[in-house]
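Keep in mind that this is a model prediction, so the values were computed, not measured.
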Amino acid sequence: MRAWLYYRLSRDEDEELNSLTNQRSIIAGYAEKNGFTIAGESFDDNVSGMHFDRDGIEKICEAVEQNQIDAVIVKDLSRLGRHRTQTAVFIDYLKKHDVRVISVTENIDTSNENDDLVIGMKQIINDMYAKDASRKIRSTYRQKQKEGIVIIPPFGYFKDKNTRQVVIVEEAADTVRLIFKLYLDGYGFKQIAKKLNADGVHTPAYYQQTLLGKNVPLTWPQISKQQLWISTTIKRILENEFYAGTLICHKTRTDKINKTFRFIPPEEQYRHENAVPAIIDRETWQQAQFLLQKRVKDRVRAAPGQKIHRYTGIIECADCHSVCTARTRKLPQGGRRVEYICNTYHRYGKEYCTTHLIREEVLDDLVYKELLRVKKMAHANWEAIDALAKDWAAQKFNAERQIDRLQERISVLKNEVEQILMERIRDKAHADIYDVMLQKRDEAIQSAEQQINEYRDAQASIEARKESMRPGIDLLDAITSEGSVSDAHLRMFVNKVYLHEQDGKLSVEFVLNADFQTHLDLYDQNGELTDVCNDLGYYFSKASANASA
């Protein structure tokens, strides 16, 4: 009789007791002793028995379909599988092809009907054991997530097995910093990957091999061999908050048994601030996340082999509502100049729209001047609120004394209310008079409590206003101190740019990503400011200009 030997070892089992070598020795000895001809064998190492998507099982099925075997021999039924339903289905599949399953240590043969009850009980026990072990593993893993224990750090870090400390791998960390810098400078995922590959920068797979001795399996053999950077790797690094020092656990849940996967809502995740040393600062992280969302929203795309132009996706023709296309022009005296023109004009000609041509340097100048105005306005507001805070601090002692007097007044009024209530009980005939007296005192108590809240709310409001203004002012100071606006800051500051053209004059309208005072700036052909018109009735910002091409 032809027999197939099958043995399996899962991760959570005793390797000495259930080692693959030990299992094979037991079932091979049984086959030889009982006169079986070994037609083939297969095994699965470090694989759960709760599913049947296994290489070893597939080889058994191939042998069954080709009518090469009459029996499958295992050490015990749990080696075949632990999921009671799937194991039962697989045994039925073998029976239909006249293939029996023999469990050596349990003395079970599926061809013997008397063993059906025992097989059913064994399957229930195996299933319960696997699920219980799975629950314990999940519980242990979840506890580690709650405590903020790093299991496997990402590229750029290394976890010391002895100290269990997560440390920065400086060479890899420099690559992470470079990726963030290139992205903030206007490069896309693909361009960053190409640049890293061209410069021979080591990939995460390289460090896993050198530091951990792991060979990372990739679906693309050519990339696996060459260890190349790809766009997906760049995107994952940019989205990973671990690089800013924050560990976020329990972001997804995978059920390997039922083949399900779901994302966990942010409020149910475990967030640990300052859990590891940061490779990039928080401001850089926030700018990168803003750009990731903004570029998707604006559908920003770069030309092949080019950086993303600064105003791509945010500049439009206000007359035909088409996007404006960037083009690079070589200058006779050397160098290059980036210009933006209406895409309708570019594709279909002057019969459909005008050029709306404007130089990038003109836009940059207008944006920077607008930032300076917003900065001046923000500092003025800060000084006003700071002066108010100082005035309040000077009056704080008097305010506290006033609060004490009001609290004493409330105490007196409450005592009077108690006395009036007692009198009202004794003198029911004049209850209406007492009700009026009670109402007046209740109103006095409410008025005093309102005054106390106003005193306290005023101080809290001033402090909250100062606290909320400071980060914005610091950011504006940092941006303007550089003398120019970076790509990241530009998209953080400017929401849309609209170009209007009439009688050869170009008007540029900026819509900012915040609520600011509206004003209109008029420029002559040389870019000199000629007039300013302020309007406090609106809460968005515009800057318009007449600019020559």
- Query: Counting only N and O atoms by type, is there a donor-acceptor contact under 3.5 Å from the side chain of Asp281 to the main-chain atoms of Glu283?
  - Reply: yes
- Query: Would you find a donor on one side and an acceptor on the other, under 3.5 Å apart, between the side chain of Gln165 and the backbone of Asp160?
  - Reply: no
- Would you check if Lys376 and Thr480 make a side-chain contact, meaning some heavy-atom pair closer than 4.5 Å? no
- Message: The criterion is ring pair (Phe, Tyr, Trp, His ring centres under 6.0 Å); which residues satisfy it with Tyr6, sequence neighbours excluded?
- Response: none
- Query: Does the side chain of Thr87 reach to within under 4.5 Å of the side chain of Arg82, using non-hydrogen atoms?
  - Reply: no
- Message: Return the CG to CG distance between Leu9 and Asn46, rounded to the nearest 0.5 Å.
- Response: 7.0 Å
- Note on the structure: All heavy atoms of Cys324 vs all of Cys317, minimum pair found to be SG-N, 3.6 Å
- Please report the C-alpha distance between Gln86 and His51 in whole Å, then the side-chain angles of each, then the deciding distance to 0.1 Å, and finally whether the side-chain hydrogen bond (donor to acceptor under 3.5 Å, both in side chains) criterion is met. CA-CA 7 Å; Gln86 293 186 30; His51 66 84; over 6 Å; no
- Task: Could you tell me whether the side chain of Val511 reaches within less than 4.5 Å of the side chain of Val494, counting heavy atoms only?
- Result: no
- Message: Please evaluate residues Trp229 and Ile179 with respect to the criterion side-chain contact (heavy atoms from CB on, under 4.5 Å), reporting the C-alpha separation (whole Å), side-chain torsions for both, the decisive distance (0.1 Å), and the verdict.
- Response: CA-CA 11 Å; Trp229 289 90; Ile179 289 172; 4.0 Å; yes
- Which pair of non-hydrogen atoms, one from Val508 and one from Val497, has the smallest distance, and what is that distance? CG1-CG1, 3.8 Å
- Item | For Ser48 against Arg8, the heavy-atom pair lying closest together | C-NH1, 3.8 Å
- Query: Which pair of heavy atoms, one from Ala193 and one from Ile230, lies closest together, and at what distance?
  - Reply: CB-C, 4.0 Å
- Message: Can you tell me if Tyr93 has over 12 outside heavy atoms packed within less than 6.0 Å of its OH?
- Response: yes
- Task: Identify whether the distance between the nearest side-chain nitrogen and carboxylate oxygen of Asp365 and Lys369 falls below 4.0 Å.
- Result: yes
- Does His379 reach the side chain of Asp477, with side-chain heavy atoms less than 4.5 Å apart? yes
- Item | Sole candidate of Val167, Ile149, Ile152 that passes side-chain contact (heavy atoms from CB on, under 4.5 Å) when paired with Lys159 | Ile149
- Task: Identify which one of Lys75, Gln23, Glu41 satisfies the side chain to side chain donor-acceptor pair (under 3.5 Å) criterion when paired with Tyr7.
- Result: Glu41
- Any side-chain heavy atom of Ile60 sitting closer than 4.5 Å to one from Ser42? yes
- Distance col, row Leu20:CG vs Asp44:CG, nearest 0.5 angstrom, shows 9.0 Å
- Query: With the threshold set at 4.0 Å, does a side-chain nitrogen-carboxylate oxygen contact exist between Arg282 and Glu241?
  - Reply: yes
- So, are Glu316 and Lys496 salt-bridged, with charged N and O less than 4.0 Å apart? yes
- If you measure from OG on Ser19 to CG on Asp45, what distance do you get to the nearest 0.5 Å? 10.5 Å
- Message: Assess whether a salt bridge exists between Lys59 and Glu62, defined as any Lys/Arg side-chain N lying under 4.0 Å from an Asp/Glu carboxylate O.
- Response: no
- Message: If I take atom NZ from residue Lys330 and atom CZ from residue Arg336, how far apart are they, to the nearest 0.5 angstrom?
- Response: 5.0 Å
- Of the non-hydrogen atoms in Val166 and Pro277, which two are nearest, and what is the gap between them? O-CD, 3.7 Å
- How far does CG of Leu291 sit from CG of Leu238, to the nearest 0.5 angstrom? 9.5 Å
- Sub-4.5 Å side-chain heavy-atom contact between Lys375 and Leu371: no
- Query: Between Glu361 and Arg310, does at least one N-O distance fall below 4.0 Å, as a salt bridge requires?
  - Reply: no
- Message: When you compare the side chain of Leu363 with that of Tyr340, does any pair of heavy atoms fall below 4.5 Å?
- Response: yes
- Query: Between Glu58 and Asp55, does a side-chain contact (heavy atoms from CB on, under 4.5 Å) hold up when you go through it step by step?
  - Reply: CA-CA 5 Å; Glu58 289 181 4; Asp55 293 338; 4.2 Å; yes
- Message: Just checking His346: does its NE2 atom have more than 12 heavy atoms from other residues, nucleotides or ligands closer to it than 6.0 angstrom?
- Response: no
- Would you sort out whether Tyr311 and Asp364 count as a side-chain contact (heavy atoms from CB on, under 4.5 Å), showing the intermediate values? CA-CA 10 Å; Tyr311 294 89; Asp364 288 343; 2.7 Å; yes
- Task: Could you tell me whether Phe52 atom CZ has more than 12 heavy atoms of other residues or ligands within 6.0 Å of it?
- Result: yes
- Item | Distance under 6.0 Å and angle within 45° of ring axis: Arg491 vs Phe493 | no
- Task: For the pair Trp285 and Phe180, name the ring-plane relationship: parallel under 30°, tilted 30 to 60°, perpendicular over 60°.
- Result: tilted
- Note on the structure: Hits for salt bridge (charged side-chain N to carboxylate O under 4.0 Å, His left out) against Lys235, two or more places apart or cross-chain, chain-then-number order -> Glu239
- Item | Atom pair CD1/CD of Ile280 and Gln287 - distance to nearest 0.5 Å | 10.0 Å
- Message: Keeping Tyr243 on the side-chain end and Phe155 on the backbone end, is there a donor-acceptor pair under 3.5 Å?
- Response: yes
- Query: Is there side-chain contact between Cys61 and Phe90, with at least one heavy-atom pair below 4.5 Å?
  - Reply: yes
- Message: If you apply the rule side-chain contact (heavy atoms from CB on, under 4.5 Å), what do you find for Ile314 with Phe510, and how did you get there?
- Response: CA-CA 10 Å; Ile314 60 176; Phe510 293 94; over 6 Å; no
- Message: If I compare all heavy atoms of Arg177 with all of Ile279, which pair ends up nearest, and what's the gap?
- Response: NE-O, 3.1 Å
- With distance as the sole test, does Asp319 use its side chain to make a donor-acceptor pair with the main-chain N or O of Cys353 at under 3.5 Å? no
